[in-house]
Amino acid sequence: MAKRKLHIVFAGLLLGLLLVFSACSLYRNDRMYLTDEEYAFAKKTYDSTGSLVLTEKALTDKHWQRGQINEARYRLTKQYRLEE
């Protein structure tokens, strides 16, 4: 009986850990830190194209990670007061 309770507790802990890790993996590419140089590149690209869509495409072509692109988009949107 005690062994069965131990198995149930262990299974519950394992399930809890799996939920935490799966929730974290959903947001791992949400936004990432950008260096000043990386943001300057994104800003220069936006300034030359005038479009967030074209800027995202250019950053994707430069093999930026999704989280970096999201951070650049967030900062550009904030700086230029876009989508308000």
Side-chain angles (χ1 to χ4, degrees):
M1 188 65 133
K3 201 173 191 180
R4 181 175 170 89
K5 286 183 181 179
L6 184 62
H7 285 207
I8 291 172
V9 169
F10 180 73
L13 288 173
L14 186 60
L15 182 61
L17 284 173
L18 288 173
L19 283 172
V20 167
F21 287 125
S22 64
C24 290
S25 70
L26 289 174
Y27 297 103
R28 71 172 174 241
N29 289 327
D30 186 32
R31 290 195 349 224
M32 295 172 65
Y33 174 78
L34 287 182
T35 64
D36 292 339
E37 294 81 17
E38 289 170 329
Y39 180 67
F41 176 77
K43 185 177 181 296
K44 181 180 171 186
T45 303
Y46 176 77
D47 288 340
S48 67
T49 63
S51 165
L52 283 175
V53 173
L54 294 176
T55 301
E56 283 189 43
K57 181 170 178 4
L59 299 179
T60 301
D61 291 346
K62 292 284 185 187
H63 304 289
W64 279 35
Q65 295 180 36
R66 184 76 243 166
Q68 291 174 299
I69 295 169
N70 290 345
E71 176 65 19
R73 181 183 179 95
Y74 169 77
R75 288 170 66 176
L76 289 168
T77 300
K78 220 173 154 176
Q79 180 175 356
Y80 290 100
R81 295 186 172 120
L82 306 171
E83 300 177 4
E84 287 185 346

> Would you say Y74 has more than 12 foreign heavy atoms packed within less than 6.0 Å of its OH?
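Open: at most 12 neighbouring heavy atoms sit under 6.0 Å from OH of Y74.
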
> Just to verify, what does E56 make a side-chain hydrogen bond (donor to acceptor under 3.5 Å, both in side chains) with, not counting sequence neighbours?
R66, R73

> Quick one: pull up NZ in K62 and CD in Q68 and give me the separation to the nearest 0.5 Å.
13.5 Å

> Using a 3.5 Å distance criterion without hydrogens, assess whether the side chain of N70 forms a donor-acceptor pair with backbone atoms of D30.
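Checked: pair present.
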
> Quick check: do L34 and W64 have side-chain heavy atoms less than 4.5 Å from each other?
yes

> Who pairs with K57 by side-chain hydrogen bond (donor to acceptor under 3.5 Å, both in side chains), at least two apart in sequence or on another chain?
D61

> Got a second to check how far L76's CG is from E71's CD, nearest 0.5 Å?
9.5 Å

> Quick one about Q79 and Y39 (side-chain donor to acceptor, distance below 3.5 Å, no hydrogens or angles considered), yes or no?
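Yes - a donor-acceptor pair under 3.5 Å links their side chains.
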
> According to side-chain hydrogen bond (donor to acceptor under 3.5 Å, both in side chains), who are the partners of T49, at least two apart in sequence or on a separate chain?
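With sequence neighbours excluded, T49 shows a side-chain hydrogen bond (donor to acceptor under 3.5 Å, both in side chains) to T55, given in chain and number order.
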
> Does any part of the side chain of L52, heavy atoms only, come nearer than 4.5 Å to the side chain of Y80, both counted from C-beta?
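Not in contact.
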
